[in-house]
Amino acid sequence: MRRGNFSRGKKLLFFIPGAILIATALGYVIKFLWNSILPEVVFCKPINFWQALGLLVLCRLLFGSFGRGGGPGKFGPGGAGMREKWRHMSTEERDRFREEYKNRCRDWRRRRDE
């Protein structure tokens, strides 16, 4: 199969309309869901398309990023760095770590049950 050799300009030519199409679709989906659910449940006002897009951007800024996701260590400072530390620990250090982790979880469980 022959691969297309797209230049940067051609890729941009396809990317921009695609991004606009996706943003428009998401805006209308958010508007539809907001206006069909929230006014009846929490008695708020319906929103228009531009407010829905603003809500989308705000949520992405607060709860996520506009970049690609899913890399190692995405959910905190652990991830690949912690794996590397674990490999370099001795058996005694690993046992101490496990005991400390169990104690912390036990304390948390006790506080939750009180």
Side-chain angles (χ1 to χ4, degrees):
M1 185 185 325
R2 185 174 175 228
R3 285 190 163 185
N5 188 10
F6 287 111
S7 67
R8 183 173 258 166
K10 288 183 182 177
K11 287 180 184 178
L12 195 62
L13 186 66
F14 285 107
F15 175 76
I16 291 174
I20 291 171
L21 183 68
I22 290 171
T24 303
L26 284 173
Y28 279 112
V29 167
I30 291 169
K31 177 186 169 193
F32 171 75
L33 290 173
W34 181 285
N35 291 339
S36 63
I37 297 170
L38 289 177
E40 294 178 16
V41 175
V42 293
F43 307 109
C44 62
K45 294 180 183 177
I47 61 173
N48 63 30
F49 172 75
W50 296 109
Q51 290 170 326
L53 276 183
L55 189 62
L56 173 66
V57 170
L58 179 65
C59 287
R60 293 296 293 178
L61 288 173
L62 292 175
F63 304 118
S65 67
F66 286 101
R68 297 176 190 249
K74 180 181 178 184
F75 296 106
M82 188 61 200
R83 235 176 273 123
E84 193 63 31
K85 286 181 184 178
W86 185 262
R87 285 189 196 122
H88 294 297
M89 283 184 188
S90 66
T91 308
E92 294 84 20
E93 289 173 326
R94 289 181 185 178
D95 290 339
R96 271 188 302 196
F97 180 82
R98 285 186 185 118
E99 282 302 313
E100 179 65 27
Y101 190 75
K102 284 180 187 177
N103 290 337
R104 287 183 183 186
C105 291
R106 192 173 336 150
D107 292 343
W108 176 80
R109 202 174 307 131
R110 236 183 274 135
R111 277 183 268 148
R112 184 189 65 181
D113 293 339
E114 291 175 351

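Atoms CE and CZ, from M89 and R98 in turn, are 9.5 Å apart once rounded to the nearest 0.5 Å. With values rounded to the nearest 0.5 angstrom, I30 atom CD1 is found 11.5 Å from N35 atom CG. We find the CD1-NZ distance between I47 and K31 to be 8.5 Å, quoted to the nearest 0.5 Å. Atom CD1 of I22 sits about 7.5 Å away from atom CG of L26, to the nearest 0.5 Å. In this structure, NZ on K85 lies 14.5 Å from CZ on R94, to the nearest 0.5 angstrom.
Under the 4.5 Å side-chain criterion, counting only non-hydrogen atoms from C-beta, R83 is not in contact with W86. Counting only heavy atoms from C-beta outward, the side chains of V57 and L53 never approach each other to under 4.5 Å.
At a threshold of 4.5 Å between side-chain heavy atoms, the hydrophobic network of Ile, Leu, Val, Met, Phe, Trp and Tyr places F43 and L38 in two separate groups. The hydrophobic clustering, which links ILVMFWY residues whose side-chain heavy atoms are closer than 4.5 Å, places I20 and L56 apart. Under a hydrophobic-cluster definition in which Ile, Leu, Val, Met, Phe, Trp and Tyr are linked whenever side-chain heavy atoms come within less than 4.5 Å, directly or via other members, W50 and L33 are assigned to the same cluster. Cluster membership for F32 and V41, using ILVMFWY side-chain heavy atoms within less than 4.5 angstrom, is shared.
Without hydrogens or angle criteria, W34 side chain to P39 main chain gives no donor-acceptor distance under 3.5 Å.
In this structure, E99 does not pair ionically with R96, as no charged nitrogen and carboxylate oxygen lie closer than 4.0 Å.
Within 6.0 Å of CZ on F49 lie more than 12 heavy atoms contributed by other residues, nucleotides or ligands. With a 6.0 Å radius and a threshold of 12 heavy atoms from other residues, nucleotides or ligands, E100 has its CD atom above the threshold.
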